[in-house]
Protein chains: 2
Amino acid sequence: MLKSKVDLERAANVLKLLGDKTRLTIIAILKQRECCVCEILEVFDMSQPSISQHLRKLKDAGMVKEERRGQWIYYSLNQQSELYGIIEDILEHVPEQTDKIKLIEKANPTLQCGC
Amino acid sequence: MLKSKVDLERAANVLKLLGDKTRLTIIAILKQRECCVCEILEVFDMSQPSISQHLRKLKDAGMVKEERRGQWIYYSLNQQSELYGIIEDILEHVPEQTDKIKLIEKANPTLQCGC
DNA sequence: TTAAAATATAACTATTTACTTATATGTTAA
DNA sequence: TTAACATATAAGTAAATAGTTATATTTTAA
């Protein structure tokens, strides 16, 4: 099958962004499920601003999109991006992040009350 | 088709290496044709040590292999590497470097005499 | 309308990185 | 065996990067 080509410079930028363990993990998680920032935070041993800054880079590159829902901002892969093809293909070589998803669901940080 | 998975950390390292315009171009060129260092040099406006250092990083990661032939050292993609799958898939999204290959062939730096 | 929660931005810092120039190593040919 | 060529390594440097803490912004709920 013929793949969607991306300008070499743009491709290098995407690869550089994915060439960071934290961001690659975030993208792999978002492939499985949209998440809000506080959910992503559960997965990493890292400050909230650090995660916010990673998400901003991914958003600036067009790789993810955000959607505010009340108090929370949900991030998801931007399937409309011309980069989605290469991202999908890369993720096929990366292990599923099911353990991380489980961590998020166990911590359930968006839970508002116990009822 | 099921793809060869790579440890996330290893994948991030590969992506970081490919996330540099010079190295991504080198890899894309080597996909089309093995090259010696002086041939690769023709393509970039950059010092010889700089190219040598890029090649070393790619070699240290197992992405390329080298073979000395007399005075020249030829570099090529390491098809035996477990990384070859992801590299191939990435390159499918990157434009062919035929113009660069033409540059090399025009300059023909390994030409030893005019006869 | 004020406090708390979720997220973003700003300012700073240590580390990494991609170059450079200078020099060393290995190979060929005179 | 020496000069020229191809390549690698060493050492230094400026810029980029990923984190930190402190603070601002936005939203919800009391």
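Reckoned from all heavy atoms, side chains included, excluding hydrogens, waters and symmetry mates. Below, chain A is the first sequence line, B the second, and so on; all start at residue 1.
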**Message:** Would a single hydrophobic cluster contain both Val6(B) and Ile87(B), if residues Ile, Leu, Val, Met, Phe, Trp and Tyr are joined by side-chain heavy-atom contacts under 4.5 Å?
**Reply:** yes
**Prompt:** Starting at CD1 of Ile51(A) and ending at P of dA18(D), how long is that distance when rounded to a whole Å?
**Reply:** 12 Å
**Message:** At less than 4.0 Å, is any side-chain N or O atom of Thr22(B) found next to OP1 or OP2 of dC19(C)? Yes or no.
**Reply:** yes
**Request:** Send over the distance from Asn108(B) CG to dA6(D) P, rounded to a whole Å.
**Result:** 12 Å
**Message:** Below 4.0 angstrom, which residues in residues 25-50 of chain B have at least one non-hydrogen atom near DNA chain C?
**Reply:** Met46(B), Ser47(B), Pro49(B), Ser50(B)
**Asked** Do Ile26(A) and Tyr74(A) belong to the same hydrophobic cluster, where Ile, Leu, Val, Met, Phe, Trp and Tyr are linked whenever their side-chain heavy atoms lie under 4.5 Å apart, directly or via other members?
**Response** no
**Fill in**
Here the distance between atom P of dT17(C) and atom CG of Asp20(A), to the nearest Å, is 11 Å
**Request:** Look at the side-chain N and O atoms of Tyr75(A) and state whether any lies under 4.0 Å from the OP1 or OP2 oxygen of dA6(C).
**Result:** no
**Whole-Å gap separating P (dA18(C)) and CG (Leu24(B))** = 13 Å
**Message:** Less than 4.0 angstrom between a side-chain N/O of Lys21(A) and OP1 or OP2 of dA18(D), yes or no?
**Reply:** no
**Message:** For a quick test of reading the model, state the closest non-hydrogen atom pair linking Leu8(B) to Pro95(A) and the distance between them.
**Reply:** N-CD, 3.9 Å
**Request:** State whether a side-chain donor-acceptor pair under 3.5 Å links Glu66(B) with Tyr75(B).
**Result:** yes
**Asked** Across the strands shown, which category fits Tyr74(B) at heavy-atom distances under 4.0 angstrom: base, sugar-phosphate, nothing?
**Response** nothing
**Asked** Among residues 56-70 of chain A, which residues get a heavy atom nearer than 4.0 Å to DNA chain D?
**Response** Lys57(A), Arg68(A), Gly70(A)
**Fill in**
Between CD1 of Ile73(A) and C1' of dA6(C) the distance, given in whole Å, is 8 Å
**Request:** Whole angstrom is fine here: how far is it from CH2 in Trp72(A) over to C1' in dA6(C)?
**Result:** 9 Å
**Student check: side-chain heavy atoms of Ser4(A) and His93(B) closer than 4.5 Å** = yes
**Message:** If I take atom CD in residue Gln71(A) and atom P in nucleotide dA30(D), what distance separates them, rounded to the nearest angstrom?
**Reply:** 11 Å
**Message:** If you define the side chain from C-beta out and look only at heavy atoms, does anything of Lys106(A) sit under 4.5 Å from Glu42(A)?
**Reply:** no
**Prompt:** Closest approach of Ile51(A) and Phe44(A), non-hydrogen atoms and distance?
**Reply:** CD1-CD1, 3.7 Å
**Asked** Taking only N and O in the side chain of His54(B), is any of them less than 4.0 Å away from OP1 or OP2 of dC19(C)?
**Response** yes
**Prompt:** Would you say Leu24(A) and Asp20(A) make side-chain contact, with heavy atoms under 4.5 Å?
**Reply:** no
**Message:** Looking at Arg56(A), I want to see if its CZ is surrounded by more than 12 non-hydrogen atoms of other residues, nucleotides or ligands under 6.0 Å.
**Reply:** no
**Fill in**
Of dT17(D), dT7(C), dT9(D), the nucleotide closest to the side chain of Ser52(B) is dT9(D)
**Message:** Check this for me: does the side-chain of Gln53(A) come within 3.5 Å of the base of dT20(D) through a donor and an acceptor?
**Reply:** yes
**Asked** Does Arg33(A) reach the side chain of Ile104(A), with side-chain heavy atoms less than 4.5 Å apart?
**Response** yes
**Item:** Value in whole Å for how far the P atom of dA8(C) lies from CG of Leu55(A)
**Value:** 7 Å
